[in-house]
Amino acid sequence: MTITLAPPRAARVARTAPATSTPGPLDVLGVPGQINLDYAATAPCARAAADAVAELLPWYASVHRGAGALSRRCTLAYERARQTLGDFFGARADDHVVFTRNTTDALNLLARALPAGTTVVTFGGEHHANLLPWPRGSVRLPVPDSPDGAVRALDAALTELRRGGTAGGHRPPVLVAVTGAGNVTGECWPVAALARVARRHGARIAVDAAQLAPHAPVDVTALDVDYLAVSGHKLYAPFGTGLLVGRADWLDAAPPYLAGGGATSHVGAATHDVRWATGPARHEAGTPNLLGAVALAAVCAAFAEADRVALHRAEQTLLARLRDGLAALPHAVELRAFGPSAPRVGIVSFVVAGRESAQVAAGLARDHAIGVRDGLFCAHPLARRLLAEAAARSGRRDLPATALRASIGLGSTAEHVDRLLAALGDLG
């Protein structure tokens, strides 16, 4: 089948409500005829984000750098976005809300801000963004087989670090870095329980919430975590922004992530006569991404007004339909780290026995207008392990070396899921 892509102006709002209903702020834009099941890579644009950008564009001007009406309005919009996002993610009064490009950028910023000698403890189930930025000497724990196993493993690791980590009465800092929901399996990690373990051992904890935040409320105060990293492009605001929310002391003590205008309070004539700003500005040098900040704030404000329980229930119904349908296909094997009933968000990775994943994905796009992801999902250690475990669990020797991932969210429907299952069924 030949696919003719509509021109950009043909983009429409994809929604589950009847076509006569008024588009809501959390309806998503899409191209008619295309089935997007790749939300975990980049979610489509929510109406709230598009409307907020369209409203501000005529006023677009510099932020923090001008006295004119346009600049003053843009500065106000930027700082209001920061406040909205801080409130949405439960930032404490003394936390910083720093705008970044995405979760990867946010975690790299945090890695640059670690006090000297900090030990970072992660699990092998992390996205590369939460594996690669950390300093040498970091501790990588094996992938646990359950949420409770993750809590026990962290407790044992921190006990061992505390036993051997004192020098002259000084205990070097420890940061635990974990995901909120895995980008390969969608399985939810026990963040609150891990935070309690970290607190008991005097460690801090950072959460990669890139995959969790689009599907569930995330509150740093309620979870008692120290740092939170989020991507706008996962959260229906595809305008190139992200966030690092968390404790001010490490961020204010660290050298600026970028050196340049806006990050300084004073620059003298001498080469090194520089005083850096405190607060978020210290790590936001250069002209900021105003549109990205405003778009993300608009989406989060819309989520704050929405019935998150109803959204979660609808997503879980679709997720169960997808997983049950895959389980009924004799040639499909799901990847998972925890048990089959572990809580998860709308992400499922799987393989089709005897078929290369890249070829399956290409065929779904070419013949069925269905978009899914194939590969190792920027989580190579975890994906390779889960592929090996899937082969052992299924007893099959014809599983491919990479996987497929279908992910759902706002705008996904039962028809989308059924068409994917039907297309996969035809492969058999």
Side-chain angles (χ1 to χ4, degrees), residues 1-5 14 30-44 125 127-128 181-187 211 233-234 315 318-337 340 344-409 411-428:
M1 174 174 121
T2 302
I3 299 172
T4 302
L5 295 178
V31 176
Q34 292 293 309
I35 297 176
N36 181 2
L37 294 176
D38 197 15
Y39 281 56
T42 289
H127 186 280
H128 292 168
N183 79 306
V184 177
T185 65
E187 292 162 325
Q211 299 295 346
H233 75 101
K234 310 282 190 189
E315 180 185 284
L318 273 185
L319 178 61
R321 189 185 193 101
L322 173 58
R323 296 184 68 211
D324 290 346
L326 287 171
L329 297 175
H331 52 290
V333 182
E334 183 182 355
L335 306 188
R336 54 181 172 82
R344 66 196 67 216
V345 299
I347 299 171
V348 181
S349 291
F350 60 96
V351 287
V352 176
R355 304 273 184 157
E356 293 299 323
S357 295
Q359 294 177 356
V360 173
L364 290 172
R366 181 185 63 247
D367 301 330
H368 303 279
I370 298 173
V372 298
R373 175 83 183 273
D374 67 274
L376 297 175
F377 317 125
C378 294
H380 293 183
L382 174 63
R384 285 194 295 261
R385 170 175 172 162
L386 296 185
L387 285 163
E389 290 179 351
R393 188 172 68 246
S394 66
R396 303 201 60 143
R397 298 185 178 182
D398 56 349
L399 300 189
T402 60
L404 295 153
R405 184 180 69 191
S407 47
I408 59 176
S412 300
T413 68
E415 179 189 0
H416 296 163
V417 169
D418 290 347
R419 285 179 61 179
L420 171 65
L421 294 172
L424 292 172
D426 289 343
L427 295 176

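Contact annotation: the side chain of Arg323 approaches that of Pro340 to within less than 4.5 Å [non-hydrogen atoms, C-beta and beyond]. Side-chain contact between Leu424 and Leu420 is present, with at least one heavy-atom pair separated by less than 4.5 Å. No side-chain heavy atom of His368 sits under 4.5 Å from any side-chain heavy atom of Ile35. Contact annotation: the side chain of Val352 never approaches that of Leu329 to less than 4.5 Å [non-hydrogen atoms, C-beta and beyond]. Contact of the Asn183 side chain with the His127 side chain is registered, since non-hydrogen atoms from C-beta on lie closer than 4.5 Å.
The side chain to side chain contact (heavy atoms under 4.5 Å, CB included) test with Arg405 singles out one residue from Leu37, Asp374, Thr185, Asp38, and that residue is Asp38. Of the candidates Leu404, Leu335, Val333, Leu404 is the only one forming a side chain to side chain contact (heavy atoms under 4.5 Å, CB included) with Phe350.
Although no hydrogens or angles enter the test, the distance criterion places a donor-acceptor pair under 3.5 Å between the side chain of Ser357 and the main chain of Thr402. At least one donor-acceptor pair closer than 3.5 Å links the side chain of His128 to the backbone N or O of His380. In this structure, Gln211 contributes its side chain and Ala40 its backbone to a donor-acceptor pair below 3.5 Å.
Remark: Glu187 does not engage Arg336 in a salt bridge, criterion side-chain N to carboxylate O under 4.0 Å.
Atom CZ of Arg355 is separated from atom CG of Leu427 by 5.0 Å, given to the nearest 0.5 angstrom. Put simply, CG on Leu318 and OG1 on Thr413 are 7.0 Å apart, with the number rounded to the nearest 0.5 Å. Leu382 CG to Leu387 CG: the interatomic distance, rounded to the nearest 0.5 Å, is 9.0 Å. Annotation: the span from Asp324 atom CG to Leu319 atom CG amounts to 9.0 Å, rounded to 0.5 Å. One finds the CG atom of Leu322 at 8.0 Å from the CD atom of Glu334 (value rounded to the nearest 0.5 Å).
For Arg385, the side-chain hydrogen bond (donor to acceptor under 3.5 Å, both in side chains) partners two or more places apart in sequence, or in a different chain, are Glu389. For Ser407, there are no side-chain hydrogen bond (donor to acceptor under 3.5 Å, both in side chains) partners, not counting sequence neighbours.
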Counting only pairs under 3.5 Å, give me each side-chain donor-acceptor contact of residues 394-401, with atom names and distances, residues two or more places apart or in other chains.
from: Ser394; atom 1: OG; to: Ala390; atom 2: O; distance (Å): 2.8
from: Ser394; atom 1: OG; to: Ala391; atom 2: O; distance (Å): 3.4
from: Ser394; atom 1: OG; to: Arg396; atom 2: N; distance (Å): 3.3
from: Arg396; atom 1: NE; to: Asp398; atom 2: OD1; distance (Å): 3.1
from: Arg396; atom 1: NH1; to: Pro330; atom 2: O; distance (Å): 3.3
from: Arg396; atom 1: NH2; to: Asp398; atom 2: OD2; distance (Å): 3.0

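In terms of heavy atoms, Ile347 sits closest to Gly182 at CD1-O, 3.8 Å. Among all heavy-atom pairs drawn from Ala181 and Val345, the shortest one is CB-CG2, 4.1 Å.
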Could you go step by step and tell me if Ile370 and His416 meet the side-chain contact (heavy atoms from CB on, under 4.5 Å) rule? CA-CA 8 Å; Ile370 298 173; His416 296 163; over 6 Å; no
